[in-house]
Protein chains: 2
Amino acid sequence: MTPEPVLPQPPHNRQSTSLELRATALEQFASVGFAGTSLQQIADAAGYSKSSVLYHFASKEALLDEVLTPAVDRLEAILERFLATEESALSRSRFVNDFIDFILEFRLELHTFINQSQSLRGIPVIDRAGVLIVRLSDTLCHGAASTEDRIRFGIALGGAAYTLVAGMTFLGAEIAPAEEIRPALLAVITELLAPVTVRTTPSRK
Amino acid sequence: MTPEPVLPQPPHNRQSTSLELRATALEQFASVGFAGTSLQQIADAAGYSKSSVLYHFASKEALLDEVLTPAVDRLEAILERFLATEESALSRSRFVNDFIDFILEFRLELHTFINQSQSLRGIPVIDRAGVLIVRLSDTLCHGAASTEDRIRFGIALGGAAYTLVAGMTFLGAEIAPAEEIRPALLAVITELLAPVTVRTTPSRK
DNA sequence: ACGCTAGCTGACCGATCGGTCAGAGCCTGT
DNA sequence: ACAGGCTCTGACCGATCGGTCAGCTAGCGT
């Protein structure tokens, strides 16, 4: 696909190579899955040898960790900021906005751990992401949430992750530019989560 | 996990063994992914040898095919039935109902090809499912659909697939019974798809 | 009683997996 | 000019992958 005539390579410094590998690995993890991606594939796609990958990252698992950590950190920061303010329509709307930004910026990372967290349980960064999602769910739905409320949250989360990565592939809307996606996504997610309002008194069934 | 004292096994007939293997394989494919599942794992989980799996199915790919085909057939039938009737609020609502039934009955199959269709491109049953999804999207959104409409469809589809399999795992709502999920799912999906109405005159931007 | 076949298995195959290791090439400080 | 370290690599490792094959066993028709 990318023949790249194997030029004598300008001397890559450590950081840029590491970033290249991270980016390449992320694409593969998100599209073929962690289990389905071999170090050889990552190395080939990035134009390095398998040994090089293992020089920059202690193991395949360590590579996954470094690839996902920035996204998890970001999500954690968003959640903490939301928890630090008292709840109001305004803070909620800001939170949803932050979340949309997060989804758009880290769509591949989100897709990776949304779709593979079950099979990758035990890997620290995955477990960290898992408890974050649960906290997020509990925060939005509060303790006493109806099944429908939880389904709303799940559909919003899983649906966004799917649509922005896999969905684009064969649904129309060829990777529409972010400027077009953002407002549409915001409208749909906001509408989805609207009924999942904060209830100090756990009511309705 | 399932020690199963390796009894001298009552003589399984061909059909029951094949069904067992299909069911076991489906669980693995949906949770660990096709690439991440080895024939050995499937054999072990079902209590047979790897050779037995390959006796019943020509290859790993053939096994995937047999596992997914019933779901694809069903989805195709639902779509054909919808296309055979002229469109109305009633036929649309019946279609959504059929679709919800389909999602609930074939949640593992749906999850498998929703999340892995990109990496399994080229496998006949996956491609078949792919074109079905596109037809489904085109049918519901018609030709001239806004980005938002397509996002609504994608979120509904991907969200439902995620929520009913992976989501249940660590979101609350521990595998709530179908009787409770169905109405909630119906409400959310209907609401999601409501604005994606049929427009004979492609209007609004 | 006999052979045939269906169901199942262990031994084995080449390929590939994640990972180790001993350098080769090159840039830099001295 | 030399030494030392950083980047990168090919050769190699045991394990496991998907898949083949010969053969074992039990049930059945004759």
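Convention: sequence-line order gives letters A, B, ...; per-chain numbering from 1.
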- Testing B:E76, B:R81, B:R74 for side-chain contact (heavy atoms from CB on, under 4.5 Å) with B:I78, which one passes? B:R74
- Message: Can you say whether a donor on the side chain of A:K60 sits under 3.5 Å from an acceptor on the base of C:dG19, or the other way round?
- Response: no
Respond yes when some side-chain nitrogen or oxygen of [X] is under 4.0 Å from OP1 or OP2 of [N], and no when none is.
| X | N | answer |
| --- | --- | --- |
| A:H56 | D:dC8 | yes |
| A:Y55 | D:dT7 | yes |
| A:S51 | D:dT9 | no |
| B:S59 | D:dG18 | no |

Would you indicate what [X] reaches in the nucleic acid, counting non-hydrogen atoms under 4.0 angstrom: base, sugar-phosphate, or nothing?
| X | value |
| --- | --- |
| B:T37 | sugar-phosphate |
| A:S38 | sugar-phosphate |
| A:L39 | sugar-phosphate |

- Item | Chi angles and distances behind the side chain to side chain contact (heavy atoms under 4.5 Å, CB included) call for B:R92, B:L140 | CA-CA 9 Å; B:R92 258 184 92 88; B:L140 280 175; 3.8 Å; yes
Roughly how many Å is it from [atom1] in [X] to [atom2] in [N], rounded to a whole number?
| X | N | atom1 | atom2 | value |
| --- | --- | --- | --- | --- |
| A:L63 | C:dG19 | CG | C1' | 14 Å |
| A:Q40 | C:dT20 | CD | C1' | 15 Å |
| A:Y48 | D:dG10 | OH | P | 14 Å |
| B:I42 | C:dT9 | CD1 | C1' | 17 Å |
| A:E20 | D:dT7 | CD | C1' | 13 Å |

- Task: Indicate the ring-plane relationship of A:F106 and A:F102, choosing parallel, tilted or perpendicular according to the 30° and 60° boundaries.
- Result: tilted
- Item | Closest-nucleotide ordering on DNA chain C, the 5'-leading residue of B:S49 and A:A35 |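 Nearest nucleotide further toward 5': that of B:S49.
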- Under 3.5 Å donor-acceptor, A:N115 side chain and B:N115 backbone: no
- Listed nucleotide nearest any side-chain atom of A:Q41, set D:dG18, C:dA11, C:dC17: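 Of the candidates, C:dC17 comes closest.
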- Proximal nucleotide (of D:dT9, C:dT20, C:dC8) relative to the A:L54 side chain: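 For the A:L54 side chain, the nearest candidate turns out to be C:dT20.
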- Taking for each residue the nucleotide of DNA chain D bearing the nearest heavy atom, is the 5' side occupied by A:V53 or by A:K50?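 Whichever sits nearer the 5' end wins; that is A:V53.
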- Please report the closest heavy-atom contact between B:G154 and A:Y162, naming both atoms and the distance.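 Smallest heavy-atom distance, with atoms named: O-CD2, 3.5 Å.
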